[in-house]
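Below is one structure; the comments refer to it alone.
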Amino acid sequence: MGATVQELLSKYGLIALLLVLPVVYGIQDLRDDGNLAGIANNLFDGLSNGAIIALIAVGYTLVYGIIELINFAHGEVFMIGSFTAVAFWGLIGLGLGSSVIGLVLGLLLTLLVAMATCGGMNVMIERVAYRPLRGAPKLAPLITAVGMSFILQNVGLLWLGGSPKSVDDLIRAQDDLFTVIGINVSRADLLAFAVTVPLVVLLTLFVTRARLGKAMRATAQDPEAARLMGINVDTTISLTFLIGGMMAGAAGLTYALYQTTIWFFQGFQAGLLAFTAAVMGGIGNLRGAVLGGLIIGCIQQISDNRISPSWTPAIVFAYLILIMVFRPQGLLGEETREAG
Amino acid sequence: MAILEVRDIHTYYGNIQALKGVTLEVEEGEIVTLIGSNGAGKSTTLRSISGLTPPREGSIVFRGQDIAFMPPQEIVRLGILQSPEGRHCFQRMTVRENLELGAYLRRDRQVAEDMERVFDLFPRLKERERQKAGTMSGGEQQMLAIGRALMGRPRLLLLDEPSMGIAPILVERIYETIAEINRQGTTILLVEQNANYALGVSHRGYVLETGTVALADASDRLRENPDVQRAYLGA
């Protein structure tokens with residue numbers, strides 16, 4: 001009896017918990033405006049914001065799934081992705097006066113460059129700071145990860161200085177493209193979905209269908225058995241870091257276009273949210289990380305717009321704690337670790 | 001000529017020496033067994049051959065090539081596949097996915113045929129094709145681990161403790177299948193704590209004690225050896 005109650009609580013209690021904010025403010029909207037446009041816009045902005053968090057969260061969860069390490073440097077890889085993207089589009093001459101075709105092609109090229117840079121950097125971080133510690137106690141690579149994170153933060157500090165730097169609003173991010181059932185879809189929203197959705201779909205297909213994706217899942221579930229299948233575990237781990245870094249690079253470019261402000265500390269902030277998203281969704285679980293990112297994006301938007309931005313971190317983490325108490329393995333996590 | 005020659009290997013876990021000079025041979029077409037008590041070095045010998053725990057000294061020659069210091073994936077490529085102790089099935093993958101991973105390095109087109117062959121050997125696996133490995137019984141997972149190793153088309157199949165933690169009726173079934181796999185032409189090196197089963201199915205056996213070979217003989221003679229009977233056959 002007690003067990004069933006707990007089961008029900010963990011299943012529906014969570015859903016109820018997640019619905020509290022939208023329902024409360026939805027009722028408020030109905031009372032004040034007579035429609036739900038306000039909350040619908042908050043949720044929509046939350047999803048597009050959450051899409052960027054999701055892209056970063058995927059990198060935490062993939063790496064954790066395969067070597068049980070929280071790659072604290074991952075947020076900084078994302079930050080370097082933003083910096084690289086901005087530097088590169090400056091280099092190829094993209095600006096406010098660029099033609100639409102030039103802009104689209106240029107940004108696609110920038111996307112590739114940011115993804116390649118961050119992917120390669122993440123692979124190097126693993127080689128230098130984590131691989132030599134493969135057999136060491138778990139705390140050792142955790143500390144080198146924190147160290148890597150600070151090093152990269154300082155690289156960012158040297159690169160662009162200590163204060164936020166605004167960048168050209170290349171896509172006129174806040175312009176609304178169209179309105180559907182009262183929801184204003186801006187160019188920034190469209191961009192976030194246009195980058196995230198295909199990447200997440202491709203990644204999921206890769207992990208579930210491709211030969212190397214299967215090798216990744218096998219290594220995540222049982223590294224020793226993977227070796228007995230002839231899987232090169234070192235290569236597979238490098239591949240995981242490559243993919244995680246590429247996603248962070250894509251997020252970096254998207255963030256720069258979406259927020260039109262970059263600075264060295266953005267990686268710490270977004271990284272913390274993305275890590276939280278990965279844990280909330282069930283660390284090691286790909287779909288969980290995406291779901292967690294979207295949920296956190298929504299909580300963040302509602303809190304920013306309806307409560308106060310200064311309360312947002314407290315509210316996000318209060319949610320994290322509540323979800324963990326109800327479901328320690330995260331929303332989609334299994335009792336054991338999971339990848340895929 | 002022997003397909004596998006292990007010469008005086010010394011293997012360590014950190015500073016602890018597990019093998020103190022193990023020497024053994026496996027001829028093409030044989031089933032050879034390693035018996036011995038817990039900690040005698042049986043599994044370590046298989047781990048050394050597969051490259052999971054390479055020896056510090058000694059040589060392991062497989063079909064004329066020294067593999068002692070090769071990485072595991074190269075050893076698998078040469079045709080040595082292992083069904084490890086404790087089975088190590090990929091718990092959250094289906095039976096079919098596990099079998100496909102057994103053929104991970106293969107590029108030829110006969111993988112599907114081989115899967116049918118595995119299903120013929122273990123009809124139970126066919127019934128559970130779409131089931132996650134982690135939801136199956138220990139005996140079924142053991143079948144899966146052996147079937148997965150067969151999917152790599154082994155020239156030498158290493159089996160580590162296939163009877164461990166499995167209902168006796170299933171153990172008999174598994175041992176019948178092991179004999180059948182050998183009849184179909186696969187050379188097998190079998191590690192087993194249950195010496196009754198192991199000596200029943202094998203041609204020759206080695207008795208390991210504290211990291212060295214204490215005794216080597218034909219399996220039927222080992223069964224009649226009073227020392228072996230007292231120590232390993234519970235007579």
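In the text below, chain A, chain B and the rest are named by the order of the sequence lines, each starting its count at 1.
- Residue A/Asn71 forms a side chain to side chain contact (heavy atoms under 4.5 Å, CB included) with just one option from A/Tyr64, A/Phe275, A/Tyr130, and that option is A/Tyr130.
- Within the 3.5 Å criterion, the main-chain N or O of B/Gln17 finds no donor-acceptor partner in the side chain of B/His10.
- Residue contact with chain A, scored on non-hydrogen atoms closer than 4.5 Å, involves the side chain of B/Glu97 exclusively.
- By the side-chain hydrogen bond (donor to acceptor under 3.5 Å, both in side chains) test, B/Ser48 pairs with B/Thr11, sequence neighbours left out.
- Heavy-atom pairs under 4.5 Å with chain A peak, among B/Arg77, B/Gln91, B/Met93, at B/Met93.
- Under 3.5 Å, the side chains of B/Tyr13 and B/Thr44 contain a donor-acceptor pair of N or O atoms.
- Of the two parts of B/Arg148, only the side chain, counted from C-beta on, holds a non-hydrogen atom closer than 4.5 Å to a non-hydrogen atom of chain A.
- The contact between B/Leu52 and chain A is made entirely by side chain atoms (from C-beta outward), counting heavy-atom distances below 4.5 Å.
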